[in-house]
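Have a look at the structure below, then the notes.
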Amino acid sequence: MAETLVQDVEKKGTFEFGKKERKLLTDPLNENNPITVQVLGICSALAVTTLVFPSVVMAIAVVFVCAFANLFTSLLRNAIPKQVRMIVQLVIIASLVTIVELVLKAFNYEVYKQLSVFIGLIITNCIVMGRLEAFAMANKPWQSFLDGVGNGLGYGAILIGVALIREIFGKGTLFAGSPIQMNLIGANNVSTQYWINTAAESGIGTFFSWYSNNNLMVLPAAAMFIIGIMIWWQRSKYPQLVDVS
Amino acid sequence: MHSTAYIIKFIVILTGTVALGLTGLREVTKGAADRNEAVFNKKAILKSISSHLQEDMNMKVKDMSDEEVIDIFDSRVKQYVLDMDGNAVDEAAVVAAGHKGGKAENVDMAKEKKKDEADRLLPLFVYEKDGNTFYIISVRGNGLWDEIWGCVALKEDLRTVAGVSFDHKAETPGLGAEIKDNPAFPKTFEGKKIYGDDGTYTSIVVRKGGARDQTFEVDGISGATVTCDGVTEMMQRGVKYYEPYFATIKK
């Protein structure tokens with residue numbers, strides 16, 4: 001096992017960054033997006049996108065897990081016995097997720113509380129496992145690492161995009177729960193029907209004070225619609241993505 | 001194709017490395033994580049008297065730093081653990097009941113909720129500063145999807161609610177989760193009474209469609225009826241647990 005590891009490091013050579021590597025990073029952002037094209041990782045995209053701030057944390061966590069799971073799997077790819085490769089991949093993913101969880105618990109406990117379940121569920125996020133099987137098992141470590149970063153970013157971009165729409169129209173705020181929380185639209189003072197106005201406490205003035213929050217936006221169903229519209233828009237712009245079968 | 005011996009060797013080495021690495025990381029981060037958790041719990045308790053603290057220190061609980069929370073808690077809050085008859089329980093008994101640390105802040109209400117009603121332990125926090133006394137009690141019940149819990153602060157007369165703070169495990173954001181996320185909801189509990197003028201126990205009702213009785217009821221959250229009913233149930237049952245204790249003070 002040690003021998004194959006050494007061989008791998010030698011074969012990897014320099015960290016070249018040519019056209020192919022760039023493509024590995026940019027492809028998942030658009031034409032091969034994990035959510036809108038590969039349709040992986042939908043569940044967490046529906047669940048965590050009510051607020052922008054947790055979505056950003058989630059995106060960072062997935063980029064980290066995806067990139068390093070790809071890297072380690074690729075490093076070990078010749079040593080991993082084919083019969084148990086899925087289990088080995090799971091061990092790698094699970095340990096990375098545990099690292100994320102421990103670090104978050106020590107540095108930002110409130111976000112950890114907010115995301116606790118979903119961080120654990122990165123283990124079952126199909127994007128990570130999918131990239132390990134489809135890419136890292138057959139490619140060199142550096143390329144695999146970039147592929148992981150690219151797919152993590154592609155996932156994160158959709159996540160944050162959906163969260164932006166949902167938070168602004170569902171709660172009238174932006175980055176709620178983070179130090180830079182701001183109220184964007186909707187009433188700013190406590191009305192008699194206090195539930196209309198979720199962000200009663202901030203000092204920053206808001207636009208469109210007549211706006212009352214759309215409760216549909218905070219439900220997972222809203223993410224379904226938004227992702228659906230994104231897929232529709234993307235496919236009408238890139239007809240080659242349309243599955244003709 | 002690899003041999004079985006190779007597979008076993010590979011797996012043992014892999015899991016061994018991973019286990020060692022993660023244990024190491026856990027040991028390194030444990031101190032910070034435990035401290036964060038303690039501060040988080042203390043903050044939740046202090047939030048129930050946030051109105052008073054705002055007046056007293058001109059500061060919101062959520063803006064307080066970790067050190068300030070610990071400082072306020074250590075200098076002004078005394079904690080006791082009670083049994084269902086209202087008697088104080090000593091630390092050893094609390095530890096024996098499965099709560100490491102033995103203080104009221106260590107009492108895991110989720111564990112207590114699983115026990116028979118007669119065997120439960122009740123955490124009690126008494127805030128005292130410059131003649132202001134608040135009795136902060138802990139309640140726990142069920143929301144729509146999972147458990148909800150909260151702290152209820154009572155004024156010295158043990159009849160008027162000084163404030164509440166709620167939290168939940170899995171209520172719907174924007175609907176049931178508003179019991180925590182919307183600062184206006186807990187605020188409506190302030191000044192409500194849990195006993196009538198004649199001393200009968202009423203606790204507080206979260207009324208769908210708006211409060212009918214300004215003394216004992218608060219407005220419900222539209223679209224979150226089940227969660228609000230859960231809050232009502234929790235307030236009715238949870239506050240009553242402390243009645244034997246209240247009786248000992250009132251004497």
Side-chain angles (χ1 to χ4, degrees), chain A residues 1-2 47-51 54 72 76 79-84 87-88 91-92 94-96 98-99 101-110 112-114 116-117 166-167 170-171 173 176-177 179 181 190-201 213-220 222, chain B residues 1-11 13-15 17-19 21-41 43-44 60 62-63 66 146 167 169-170 172-175 177-179 181-185 187-188 210 218-224:
Chain A
M1 191 176 100
V48 295
T49 50
T50 29
L51 297 173
F72 290 130
L76 292 171
I80 296 175
K82 290 282 169 285
Q83 298 95 319
V84 292
I87 302 195
V88 173
V91 170
I92 294 173
S95 13
L96 288 166
T98 314
I99 291 175
E101 211 167 331
L102 287 173
V103 169
L104 212 53
K105 212 170 163 181
F107 289 105
N108 198 333
Y109 195 79
E110 305 226 329
Y112 164 76
K113 274 272 169 193
Q114 226 167 351
S116 54
V117 186
R166 286 182 70 185
E167 185 172 349
K171 300 202 88 176
T173 56
Q181 161 166 1
V190 185
S191 66
T192 44
Q193 281 186 311
Y194 55 82
W195 55 83
I196 285 179
N197 161 34
T198 40
E201 280 197 353
N213 292 328
N214 185 343
N215 266 345
L216 173 67
M217 280 295 174
V218 295
L219 298 176
Chain B
M1 202 53 104
H2 294 282
S3 67
T4 313
Y6 175 84
I7 295 175
I8 293 174
K9 215 167 76 190
F10 183 88
I11 293 291
I13 293 175
L14 181 79
T15 43
T17 325
V18 164
L22 289 181
T23 319
L25 185 68
R26 157 128 180 101
E27 284 307 312
V28 172
T29 55
K30 196 171 183 294
D34 286 352
R35 187 169 175 277
N36 282 342
E37 196 181 346
V39 170
F40 187 84
N41 291 339
K43 244 186 182 169
K60 283 180 186 151
K62 67 170 184 182
D63 297 333
D66 293 1
D146 211 321
D167 203 346
K169 202 165 176 186
T172 317
L175 299 173
E178 292 291 274
I179 60 169
D181 297 342
N182 191 337
F185 180 70
K187 198 132 191 123
T188 53
V218 297
D219 296 351
I221 298 168
S222 56

Should B:Asn36 and A:Lys105 count as side-chain neighbours, where that means a heavy-atom distance under 4.5 Å?
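Heavy-atom side-chain distance check fails, nothing below 4.5 Å.
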Can you find a pair of side-chain heavy atoms, one from A:Val88 and one from B:Ile11, that are under 4.5 Å apart?
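Contact flag for A:Val88/B:Ile11 side chains = yes.
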Do you know which of B:Ala33, B:Ala19, B:Ser3 has the most heavy-atom pairs with chain A at a distance under 4.5 angstrom?
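The candidate making the most pairs under 4.5 Å is B:Ala33.
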Contact leader toward chain A among B:Val18, B:Thr15, B:Leu22, where contacts are heavy-atom pairs under 4.5 Å:
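Sorted descending by pairs with chain A, the first entry is B:Leu22.
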Answer with side chain, backbone, both or neither: which region of A:Phe107 has an atom nearer than 4.5 Å to a non-hydrogen atom of chain B?
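Looking at A:Phe107, just its backbone touches chain B.
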Interface moiety of A:Lys82 toward chain B, non-hydrogen atoms closer than 4.5 Å
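Just the backbone, heavy atoms under 4.5 Å.
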If you tally heavy-atom pairs under 4.5 Å against chain B, which of A:Val84, A:Val103, A:Ile80, A:Ile92 wins?
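Among the listed options, the one with the most contacts to chain B is A:Ile80.
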Pairs of heavy atoms under 4.5 Å with chain B: top-ranked of A:Pro220, A:Ala106, A:Ala94:
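Result: the option with the highest number of such pairs is A:Ala106.
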Give, for atom [atom1] of [X] and atom [atom2] of [Y], the distance between the pair rounded to the nearest 0.5 Å.
{"X": "B:Thr29", "Y": "A:Leu104", "atom1": "OG1", "atom2": "CG", "value": "11.0 Å"}
{"X": "B:Arg26", "Y": "A:Ile99", "atom1": "CZ", "atom2": "CD1", "value": "14.5 Å"}
{"X": "A:Ile87", "Y": "B:Leu14", "atom1": "CD1", "atom2": "CG", "value": "11.0 Å"}
{"X": "B:Leu25", "Y": "A:Thr98", "atom1": "CG", "atom2": "OG1", "value": "9.5 Å"}
{"X": "B:Tyr6", "Y": "A:Gln83", "atom1": "OH", "atom2": "CD", "value": "10.5 Å"}
{"X": "A:Tyr109", "Y": "B:Lys43", "atom1": "OH", "atom2": "NZ", "value": "12.5 Å"}

Test of understanding: with salt bridge (Lys or Arg N to Asp or Glu O under 4.0 Å), list the residues that count as partners of B:Lys30, not counting sequence neighbours.
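Salt bridge (Lys or Arg N to Asp or Glu O under 4.0 Å) check on B:Lys30 returns B:Asp34.
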Once salt bridge (Lys or Arg N to Asp or Glu O under 4.0 Å) is applied, do any residues pair with B:Arg35, and if so which ones, sequence neighbours excluded?
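Counting only residues at least two positions away or on another chain, B:Arg35 forms a salt bridge (Lys or Arg N to Asp or Glu O under 4.0 Å) with B:Asp66, B:Glu67.
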